[in-house]
Amino acid sequence: MSRKDTQRQVDAIRSRSSELENHLIDEYRSGYISRREFVRRGGVIGMSIPVVGFLAAACGTGSNTSTSSGGSADTAVKAGGKEVAVKPGGTLKLGMSPGPTTEIDPILVADEGGLSVMSQSGEFLSWSDSKLQLQPRLAESWKPNSDGSEWTFKIRQGVKFHDGTPMTAEDVASSINALSDPKSGSNALSTFAGVLSKDSAKATDASTVVFSLDSPNGNFPYMLSSDNYNSVIVPKDLSGKWEKTFPGTGPWKLEKYTPNSGVSFVPNKDYWDKTRVPKLDRQQVKFYPKEQAQILGLQSGDVDVLVHFSPTGGKALLNDPNVTVIELRASVHREIHMRNDKKPFDDKRVRQAMGLVVDRAALVNGLMAGKADFGNDSPFAPVFPSTDKSVAQRKQDLEKAKALMQQAGVSNASVTIDTWDGFEMPDLAQLLQNDAAKIGLKLTPNVTPATTYYGDAVFGKSPWLDSTMGITDYGHRGVPNVFLAAQLSSKGVWNAAHFKNPTYDGLFKDYVSALDLGAQRAAAAKIQNLLLDETPNLYTYFYYFLTGTKKNVGNVEVSAMGHYDITKAGFTSAA
Amino acid sequence: MTRFILKRIGLGLITLWLLSVLVFFLANVLPGNVARRVLGPFASPEAVAQLNHQLGTDKPLITQYLNQMKGYLSGDMGTSVSTKQPISDVLWPALGHSAKLALLAFIIVVPLSIFGGVVAALHEGSTRDRIITVGGLSATAVPDFVWAVVLLIVFSLGLGIFPSTAAWPDGSGPLTQIKYLLLPAFCLVFVLFGYIARMARAGTIESLDADYTRTAVIKGLPQRTVLWRHVLRNSLLPTIAVIATQVGYLMGGLVVIELIFNYQGIGQMIFRAATQKDFPALEAAVLVVGVVFLVSTLIADVLYSILNPRVRLGSADQ
């Protein structure tokens with residue numbers, strides 16, 4: 001195709017495209033965003049994949065790397081490699097620790113084990129892949145209106161639930177409405193807060209669902225993707241427990257589920273996407289109550305894949321020649337809060353000093369065995385495309401920290417740092433204690449069981465939300481919105497720092513309503529700088545999501561949320 | 001004899017009742033609330049209140065306790081608050097699993113340790129005696145989970161002879177099940193061997209020194225007869241008591257072993273119920289372990305009294 005023809009075709013596409021889409025094309029053309037980012041954002045705002053692909057080639061500079069102001073959206077640090085040839089058939093055994101800890105109910109599920117298992121038979125409107133790109137699944141396409149306050153999803157036709165009943169737009173609307181209904185006690189309420197209210201999803205015809213949002217939101221499709229793991233599409237007339245038959249439209253059908261022990265699935269031969277009908281005969285998942293047992297399970301060959309293991313618990317696997325480790329960037333973090341309204345942290349210089357005294361390099365390379373990204377004291381993890389990476393990274397600076405403490409007139413203060421006895425948090429508390437001692441701040445770790453630390457999880461009845469200083473574990477999210485709203489906004493329900501800053505609240509609003517990446521990144525930069533100055537919380541690292549497979553297993557795909565996709569997986573000939 | 005057994009059962013029932021009260025109220029004074037634990041720290045307060053209401057955990061403790069006891073008496077173990085399954089669906093298979101592991105451990109350790117103890121006693125002060133007593137004691141002093149790790153590293157990761165888990169695949173026959181259970185069973189064997197062997201040794205030494213043994217030897221009975229009829233019958237009394245008290249440990253105290261080997265026994269069930277604040281499951285599991293403990297102690301008492309009438313008569317006199 002000649003250059004002229006290409007240009008003519010580009011013009012034709014642009015004339016048909018919305019303002020938002022044209023804006024994105026301009027951003028890409030001007031080199032402001034990378035090709036990968038263009039593809040990702042194109043997917044989010046509902047541009048079709050072939051069109052995005054064509055434009056990426058026609059309009060781009062050919063560069064696949066990020067520009068100075070941006071970053072690559074690729075989350076894979078060390079992926080499982082390119083797709084390899086696998087033998088059809090066989091049973092893949094997977095280990096999961098701890099597995100689903102409660103009843104698996106799509107509306108209530110809040111644990112990694114539950115969501116991992118649920119997304120084998122259940123499906124979402126779209127799949128947020130390891131590059132944070134949205135792959136259409138039960139939705140064929142989606143489009144926002146001009147300001148992003150209304151989104152229209154086209155639902156795939158001809159898809160059937162495992163019992164043979166057709167999946168319709170009504171099923172989609174009812175599944176999502178159940179999640180936004182405050183009465184359901186849904187786990188997705190925190191995601192939908194201020195975005196989607198009860199009964200805002202309407203099936204306008206057999207293949208269309210329209211979502212009317214509370215306020216414009218440029219990231220809305222993520223909230224209906226696998227990132228919001230509660231949003232699996234279930235039959236509208238589902239009666240009884242979901243966990244009995246795992247009803248869904250996904251590529252795997254339930255064979256047998258034994259709570260606390262394991263689950264097995266067989267391929268759904270009637271799956272709508274013939275390229276994703278599983279090659280394996282069966283997958284068998286074993287639940288391990290303790291991480292150490294699952295590590296041994298992989299090493300001794302009892303299982304072929306560990307869906308997720310932690311850098312601290314699974315150090316033995318990192319250098320094991322018989323194991324392939326898949327590493328994904330994630331936004332998993334430990335929020336270290338400092339009560340902004342209590343001494344000694346009511347003076348921001350003391351909080352800044354804490355940020356400057358922490359030896360982040362020791363935390364990332366020592367504590368996390370190098371399997372983490374540096375945190376810059378805001379929830380904008382490097383994994384998020386909207387994070388402005390040009391904001392300078394905070395590093396240890398003892399002289400400056402001491403000077404700040406002196407200016408604040410604080411010496412020999414002592415503070416209890418609360419946390420619970422999970423993951424690496426007790427070790428982190430101890431390392432912080434050592435660092436803080438260097439500026440005359442005496443931290444005393446108080447490590448309790450999780451139930452004690454979280455208490456009733458409301459202000460006034462929870463060491464987590466009431467303590468002067470504490471360490472809290474947060475799981476991965478595909479976009480930072482929930483962190484920004486709940487941890488930091490004045491009315492945030494998880495605002496343990498009691499940080500109340502009208503400027504921040506305004507910036508947060510700007511960020512959420514920004515539809516294009518440029519605007520998001522501009523708002524993010526302002527928030528990042530404000531948080532560095534105010535330092536309500538410390539965010540010292542974001543650690544990777546690690547998956548382990550035996551060498552003879554290929555094509556395992558995971559998401560940092562804890563979903564895994566083994567539809568293309570199988571055993572290679574290499575033993 | 002009947003009176004003796006009835007009295008034991010009566011005392012056992014009182015113990016069980018006290019146990020149920022203790023577990024229920026101790027579990028409920030732990031901080032945090034049930035629905036919060038089930039729904040996670042990030043669930044909304046409304047959802048938590050609603051689930052507490054649904055589970056009945058917002059009712060006064062006494063009402064909750066009485067409701068639970070009523071259920072037990074009518075054979076209903078209740079429903080797990082975390083998995084929403086009937087507790088009996090999990091409890092009985094878990095008990096069965098624990099029993100299998102305990103049985104295998106017993107089949108190995110009882111003859112082995114009694115044999116070891118008797119051999120040590122017969123050669124008191126010799127090298128053989130020292131090896132058995134010091135070796136046994138050292139093995140017992142090492143905690144079961146340390147044995148677990150050592151055995152796993154050597155036989156599972158190193159030599160690859162045994163699986164690293166005790167959870168056998170569905171549909172496995174008895175031989176495969178035994179293969180999966182051997183490593184955890186041997187952890188228990190190591191822990192129990194020293195203890196039981198020492199008891200057997202002490203009892204045997206005592207019996208060897210007893211007047212009746214001397215008489216038996218003097219009247220010219222063959223050594224084998226002296227040993228079987230006179231020595232062992234008397235020397236094993238305390239050993240039986242020790243073995244019986246270990247049943248409770250094996251049937252509910254193997255939390256760490258069951259976790260390391262990922263075995264769905266009752267120890268793991270108790271651990272899970274405790275960490276998830278699944279009180280109905282915790283209460284039911286602890287009570288069942290209590291029953292097992294009491295029954296095994298009762299059997300030991302009866303056996304003991306059959307072998308040693310002094311116990312039976314002494315107890316009846318009281």
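Reminder, nothing fancy here: chain letters follow the sequence lines and each chain counts from 1. Remember, it's a predicted structure, so these values are computed and weren't measured experimentally.
- Within the model, atoms CD of B:Q85 and CD of A:E103 stand 9.0 Å from one another, a figure rounded to the nearest 0.5 Å.
- Heavy atoms closer than 4.5 Å to chain B are found nowhere in A:Y453, neither backbone nor side chain.
- In this structure, chain B has heavy atoms under 4.5 Å from both the backbone and the side chain of A:L296.
- Side chains of B:M269 and A:N260 form no contact here, defined as non-hydrogen atoms less than 4.5 Å apart.
- Side-chain atoms of B:N262 come within 3.5 Å of backbone N or O of A:F287 as a donor-acceptor pair.
- Counting heavy-atom pairs under 4.5 Å between each of A:K290, A:Q292, A:K183 and chain B puts A:K290 at the top.
- Of all non-hydrogen atoms in B:Q268 and A:P289, the two that sit nearest each other are OE1-CG, 3.4 Å.
- Judged purely by distance below 3.5 Å, without hydrogens or angles, the side chains of B:S164 and A:D302 pair a donor atom with an acceptor atom.
- Residue A:K315 qualifies as enclosed at atom NZ: its count of foreign heavy atoms under 6.0 Å is above 12.
- With a threshold of 4.5 angstrom between heavy atoms, B:L259 approaches chain A through its backbone and through its side chain.
- Heavy atoms of B:E258 lying under 4.5 Å from chain A are absent altogether.
- Judged by distance alone, the side chain of A:Q299 and the main-chain N or O of B:L157 form no donor-acceptor pair under 3.5 Å.
- Of the atoms belonging to B:F271, it is side-chain heavy atoms, and not backbone ones, that fall under 4.5 Å from chain A.
- Put simply, of A:K93, A:Q294, A:K461, A:K286, the one with the most heavy-atom pairs under 4.5 Å next to chain B is A:K286.
- When heavy atoms are compared at a cutoff of 4.5 Å, B:D278 does not approach chain A at all.
- Comment: A:D105 does not engage B:K84 in a salt bridge, judged by the lack of any side-chain N to carboxylate O separation of less than 4.0 angstrom.
- Counting non-hydrogen atoms of other residues, nucleotides and ligands closer than 6.0 Å to NZ of A:K241 gives a total above 12.
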